[in-house]
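Okay, so here's the structure we're looking at.
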Amino acid sequence: MFESADTLAGYWEQRAVRFARQEDGLAAVCSYGMPRFYNRSIELCQQRALKPWLQDIRDSDVLEIGCGVGRWTEKLARSGNRVCGVDLSPTMIEETDRRMQRNELSADLHAADISEFKSGRQFDAAVSVTVLQHIMNDARFDQAFGNIASQMRPGGRFVLLEAAPSDDDVRCNSPIFRARPMSAYRDVLQNNGFRVDVVAGVDPMPFKTWVLPYLRSMPRPLAVAAIGAATALSLPFDLALASRLPKQSWHKLIVATRES
């Protein structure tokens with residue numbers, strides 16, 4: 001496991017160098033080594049879950065945690081927000097900056113570890129999309145939430161979309177990814193001065209998580225076929241039923257408010 005921030009940063013930098021400028025950059029920020037259709041399905045579910053909450057953040061100071069290739073940075077900036085984006089990878093930051101300039105937008109971007117980054121600002125909102133799940137060490141995980149809380153104004157909204165199954169399920173964990181249960185997110189938020197207001201579903205269908213643990217042992221053509229079938233079965237139901245089935249969802253959309 002990548003326990004140290006330096007090792008994890010190196011991993012993400014290598015991925016960014018390889019994939020950040022390929023097509024839409026999803027291979028750099030979604031599931032490593034997976035077919036494009038799988039990563040695109042992930043993004044569609046994320047977009048559906050996040051849309052009402054990102055649209056509600058306007059003309060605000062926003063901290064974006066793990067800005068990656070700028071997928072959400074651009075959306076936030078188009079709503080008149082003053083975005084401060086943080087990512088471990090300098091190449092990710094360069095790609096976000098390139099995309100922002102191409103669209104005549106701007107953001108304050110930093111290659112840094114969110115566990116330690118100090119902006120010198122106070123934010124009205126913070127956004128994290130499948131980022132904090134990659135902090136493997138529990139102490140550093142808590143430190144990251146404390147550091148985020150210290151830079152948010154009272155009443156500020158924290159929007160997270162992370163792997164947070166309702167039960168402690170380690171089947172799909174990897175050396176760079178840990179699906180902590182929803183209870184762990186609730187606890188760390190409450191311990192750092194947040195009130196959890198909303199927990200919504202993202203991808204309640206179980207087919208992909210049934211298949212994922214076995215893919216590495218399959219021949220590549222069989223693995224692609226298996227994940228293709230699981231994705232095709234999952235996506236229509238995920239998009240239609242996510243809001244009704246939060247407990248069954250592997251990823252959760254969590255909205256919390258900074259209380260103090």
*Tell me, please, which residues at least two apart from Arg186 pass side-chain hydrogen bond (donor to acceptor under 3.5 Å, both in side chains).*
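Result, side-chain hydrogen bond (donor to acceptor under 3.5 Å, both in side chains) vs Arg186: none returned.
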
*Residue list, side-chain hydrogen bond (donor to acceptor under 3.5 Å, both in side chains) with Asp187, at least two apart or on another chain*: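 So Asp187 forms no side-chain hydrogen bond (donor to acceptor under 3.5 Å, both in side chains) with any residue.
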
Would you confirm whether [X], through its side chain, and [Y], through its main-chain N or O, come within 3.5 Å as a donor-acceptor pair?
X	Y	value
Lys252	Ala164	yes
Gln151	Asn147	yes
Arg178	Gln133	no

Within 6.0 angstrom of [X] [atom1], more than 12 heavy atoms from elsewhere:
X	atom1	result
Phe37	CZ	yes
Glu104	CD	no
Arg244	CZ	no

Taking atom types as modelled, is there a side-chain donor on [X] or [Y] under 3.5 Å from an acceptor on the other?
X	Y	answer
Ser249	Asp203	yes
Arg71	Gln46	yes
Asn39	Glu43	no
Glu13	Ser89	yes
Glu162	Ser128	yes

*Do you know the tightest heavy-atom contact between Asn81 and Ile57?*
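Looks like ND2-O, 2.8 Å.
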
_Hydrophobic clustering (ILVMFWY, side-chain heavy atoms < 4.5 Å, transitive) - are Phe194 and Trp53 grouped together?_
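Hydrophobic grouping puts Trp53 apart from Phe194.
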
*May I ask you to check whether Tyr185 and Phe141 place their ring centers less than 6.0 Å from one another?*
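Between Tyr185 and Phe141, the centre distance is under 6.0 Å.
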
